[in-house]
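Presented below is the structure to which this report refers.
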Amino acid sequence: MFDALTVATAVAALALAAWCGWAAHRDQSTKDWHFIGMAVVSVLALVQLVIGVVQLARGEKAEQGTTIFVAYLIGAFACIPAAGFMSLAERTRWGSVTVAAGGIVLAVLEVRLYDIWGG
């Protein structure tokens, strides 16, 4: 797995979590610029998904199993968009809290992906 991308995705997810957490602290819902941040983090997760699938197609193997690795890749990719859609349904500070929680979950998933690959 591409370690620099994993670290970049985790750091971006934590930055998004802090940003949305700050918005929640200020009693604000998610705004357009938060969705731009979510898009950036989602693109990083998409690139990671593509690289992971390409590496598997080339014959490389995840240390802890291909199935669990692919499941975590898909979950990591879906994490931020799911939180974003939930924040649209809750247009209060709790929408920002939802996205902040999604960012923290994505960072944890990135650590787990690193472990599954054999890092």
Side-chain angles (χ1 to χ4, degrees):
M1 193 68 172
F2 191 51
D3 294 341
L5 181 60
T6 302
V7 170
T9 305
V11 168
L14 289 174
L16 178 66
W19 189 20
C20 289
W22 178 251
H25 174 71
R26 294 176 54 207
D27 202 24
Q28 295 177 345
S29 65
T30 50
K31 306 288 185 212
D32 289 343
W33 53 82
H34 293 118
F35 286 98
I36 293 169
M38 286 183 250
V40 169
V41 174
S42 295
V43 166
L44 288 171
L46 175 63
V47 169
Q48 185 179 40
L49 174 69
V50 169
I51 289 174
V53 169
V54 166
Q55 285 183 325
L56 291 173
R58 288 187 351 202
E60 298 180 39
K61 302 250 186 232
E63 187 176 284
Q64 295 182 20
T66 301
T67 305
I68 190 88
F69 180 71
V70 171
Y72 269 87
L73 276 176
I74 293 169
F77 171 67
C79 182
I80 295 299
F85 282 121
M86 287 192 292
S87 76
L88 284 173
E90 183 62 47
R91 299 302 291 171
T92 64
R93 69 182 286 178
W94 295 106
S96 294
V97 170
T98 302
V99 176
I104 293 169
V105 168
L106 178 56
V108 171
L109 288 173
E110 292 299 317
V111 171
R112 185 68 180 121
L113 274 169
Y114 180 77
D115 288 340
I116 292 169
W117 186 255

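The analysis underlying the following values was restricted to heavy atoms, covering all of them including side chains, and did not include hydrogens, waters or symmetry mates.
Evaluation of the ring pair (Phe, Tyr, Trp, His ring centres under 6.0 Å) rule for W22 yields H25 as partners, not counting sequence neighbours. With sequence neighbours excluded, no residue forms a salt bridge (charged side-chain N to carboxylate O under 4.0 Å, His left out) with R26.
Neither V97 nor L88 shares a network with the other; the hydrophobic side chains, linked directly or stepwise wherever heavy atoms of I, L, V, M, F, W or Y lie under 4.5 Å apart, form separate groups for each. Hydrophobic clustering of Ile, Leu, Val, Met, Phe, Trp and Tyr side chains at less than 4.5 Å, counting indirect connections, keeps V11 apart from L109. Two different hydrophobic clusters hold L49 and L16 under the rule that ILVMFWY side chains link at heavy-atom gaps under 4.5 Å. V111 is not connected to V108 by any chain of hydrophobic side-chain contacts under 4.5 Å among Ile, Leu, Val, Met, Phe, Trp and Tyr, and they are in different clusters.
Residues L44 and A12 share a closest heavy-atom pair of CD1-CB, 3.7 Å. Of all non-hydrogen atoms in C79 and G102, the two that sit nearest each other are SG-O, 3.2 Å. In terms of heavy-atom proximity, A13 sits nearest to G103 at CB-O, 3.4 Å. Of all the heavy atoms in C20 and A100, the pair that sits closest is CB-N, 3.9 Å. Annotation for A10 and A107: closest pair O-CB, 4.1 Å, computed over non-hydrogen atoms.
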Let me check something: any side-chain donor-acceptor pairs from residues 62-70 under 3.5 Å, sequence neighbours excluded? List them with distances.
from	atom 1	to	atom 2	distance (Å)
Q64	OE1	R112	NH1	3.2
Q64	OE1	R112	NH2	3.2
Q64	NE2	D115	O	3.4

Please output the side-chain donor-acceptor pairs of residues 80-87 that fall under 3.5 Å, not counting sequence neighbours, one pair per line with the distance.
from	atom 1	to	atom 2	distance (Å)
S87	OG	T30	OG1	3.4
S87	OG	G84	O	2.7

Using distance only, find each side-chain donor-acceptor pair of residues 33-42 under 3.5 Å and give its atom names and separation, not counting sequence neighbours.
from	atom 1	to	atom 2	distance (Å)
H34	ND1	K31	N	2.8
S42	OG	M38	O	2.8

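Applying the under-4.5 Å side-chain rule to Ile, Leu, Val, Met, Phe, Trp and Tyr, the cluster around I104 consists of that residue alone.
Side-chain contact between Q48 and I51: absent, with no pair of heavy atoms (C-beta onward) separated by less than 4.5 Å.
Each of L46, V47, L106, L113 was checked for a side-chain contact (heavy atoms from CB on, under 4.5 Å) with T9, and the lone residue meeting it is L106.
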